[in-house]
Amino acid sequence: MRQLTYLAVLAGCLVCALWLEPVLRVGVLRQVRRLALAVLPVAAVFIVWDLAAVHWRWWSFDSAQILGVRLSALPIEEILFFLVVPVCAILGFEAVRKMLRR
Amino acid sequence: MTYTGAAAIAVATAIALDVYVLRTRLVLGIVFWATYPIVLVFQLLSNGVLTGRGVVRYDADRILGLRIAYAPVEDLLYGFALVLITLSLWVRLGRREPPK
């Protein structure tokens with residue numbers, strides 16, 4: 001169960017943000033191309049930075065609290081982090097924008 | 001190079017991209033600053049769990065040592081940059097094609 005820790009954090013973020021799509025109808029998830037173009041290049045850059053940081057030993061991961069699946073030197077959760085967090089931020093941003101009517 | 005230095009550069013880059021390159025100027029507007037506290041709360045919660053439980057561990061020589069809710073301040077700068085750049089790209093892309 002401890003191995004699901006990182007994944008649980010990501011799931012928590014998604015749970016807190018995904019409801020904005022159907023409830024506030026922010027229309028983010030249906031703009032697939034726009035979402036991909038906004039999220040993927042940034043994720044790529046941060047993943048490269050992360051790989052460098054791990055290589056330089058700035059930080060490391062506790063193998064007892066991750067699934068154990070790695071893509072190169074990064075836990076898959078770390079890769080997912082760079083997809084989940086930006087999507088949640090966009091959902092939040094569009095929700096705020098809608099609420100402020102801007 | 002330390003995490004501190006790299007994170008500061010990331011923030012500067014994000015702001016430069018937002019204001020001068022993509023010209024989305026989100027940091028000059030109310031929507032971003034109304035959104036960011038929400039993002040920050042979730043970041044402090046998530047980071048709190050990840051660093052507090054030691055899922056991610058940092059080399060003490062590479063960070064200032066200042067922490068907020070267990071997370072190195074550098075993580076907050078890093079998160080700010082990640083979110084700002086993403087939102088800036090998102091908004092910029094929205095100006096080219098109307099929502100479908």
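Chain naming here is simple, since letters A, B, ... match the order of the sequence lines and numbering starts at 1 in each.
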Item to complete: Evaluate side chain to side chain contact (heavy atoms under 4.5 Å, CB included) for B/D75 paired with B/I63, printing each intermediate quantity in order.
Response: CA-CA 10 Å; B/D75 270 3; B/I63 56 173; over 6 Å; no
Discussion item. So if I take each residue of residues 41-48 of chain B and look for any heavy atom under 4.5 Å from a heavy atom in chain A, which residues do I end up with?
Written reply: B/F42, B/S46
Fill in: Proximal component of B/L82, with respect to chain A [non-hydrogen, under 4.5 Å]
both
Worksheet item: Under a 4.5 Å side-chain heavy-atom rule over Ile, Leu, Val, Met, Phe, Trp and Tyr, are B/V21 and B/V19 clustered together?
Response: yes
Worksheet item: If you count heavy-atom pairs under 4.5 Å between each of A/V85, A/V39, A/I66, A/L35 and chain B, which one has the most?
Response: A/L35
Item to complete: Indicate whether any N or O donor in one side chain lies under 3.5 Å from an N or O acceptor in the other, for B/Y3 and B/D59.
Response: no
Fill in: Close side-chain approach of B/L64 and B/P72, heavy atoms under 4.5 Å
no
Worksheet item: Is there a donor-acceptor contact under 3.5 Å from the side chain of B/T13 to the main chain of B/I9?
Response: yes
Worksheet item: Of all the residues in residues 56-65 of chain A, which have a heavy atom that comes within less than 4.5 Å of a heavy atom in chain B?
Response: A/W56, A/R57, A/W58, A/W59, A/S60, A/F61, A/D62, A/Q65
Item to complete: Spell out, as yes or no, whether a donor-acceptor pair under 3.5 Å connects the side chain of A/Q3 to the backbone of A/G68.
Response: no
Worksheet entry | Linked, directly or transitively: B/L17 and B/Y20 (ILVMFWY side chains, under 4.5 Å) | yes
Discussion item. Grouping I, L, V, M, F, W and Y whenever their side-chain heavy atoms are under 4.5 Å apart, do A/V45 and B/F80 come out in a common cluster?
Written reply: no
Fill in: residues 28-36 of chain B: residues contacting chain A (heavy atom under 4.5 Å, by number)
B/I30, B/V31, B/F32, B/A34, B/T35
Worksheet entry | Student check: side-chain heavy atoms of A/C88 and A/L14 closer than 4.5 Å | yes
Discussion item. With a sphere of 6.0 Å drawn around CZ of B/R53, does it hold more than 12 non-hydrogen atoms of other residues, nucleotides or ligands?
Written reply: no
Discussion item. Hydrogens and angles aside, do A/E94 and B/W90 bring a side-chain donor and acceptor to less than 3.5 Å of each other?
Written reply: yes
Practice prompt. Is it possible for you to say whether A/L20 and A/V23 belong to one hydrophobic cluster, with membership spreading through side-chain heavy-atom contacts below 4.5 Å?
Written response: yes
Item to complete: To the nearest 0.5 Å, tell me how far B/S88 OG sits from B/L22 CG.
Response: 4.0 Å
Fill in: Under 3.5 Å donor-acceptor, B/T51 side chain and B/Y70 backbone
yes
Worksheet item: So which of A/V9, A/I90, A/L100 has the biggest tally of heavy-atom pairs under 4.5 Å with chain B?
Response: A/I90
Worksheet item: Less than 4.5 Å apart, any side-chain heavy atom of B/T86 and any of A/V87?
Response: no
Worksheet entry | A/K98 (side chain) donor-acceptor with A/R25 (main chain) under 3.5 angstrom | yes
Fill in: Separation between CG of A/L18 and SG of A/C13, rounded to the nearest 0.5 Å
10.5 Å
Worksheet item: Checking heavy atoms, do the side chain of B/A60, its backbone, both or neither come under 4.5 Å from chain A?
Response: neither
Worksheet item: So how far is it from B/L84 CG to A/F93 CZ, rounded to the nearest 0.5 Å?
Response: 10.0 Å
Practice prompt. Under 4.5 Å, heavy atom to heavy atom: which of residues 73-83 of chain A reach chain B? Give them by number, or say none.
Written response: A/F81, A/F82
Worksheet entry | Largest heavy-atom contact set with chain B, pairs under 4.5 Å, which of A/V28, A/L10, A/T5 | A/V28
Worksheet entry | Contacting moiety of B/T2, where chain A heavy atoms sit under 4.5 Å | backbone
Worksheet item: Any side-chain heavy atom of A/L24 within less than 4.5 Å of one from A/M99?
Response: yes
Discussion item. Please rank B/L87, B/V49, B/V39, B/V83 by heavy-atom pairs under 4.5 Å with chain A and give me the top one.
Written reply: B/L87
Response to the item:
Between B/R62 and B/E74, the two heavy atoms sitting closest are O-OE2, 4.5 Å
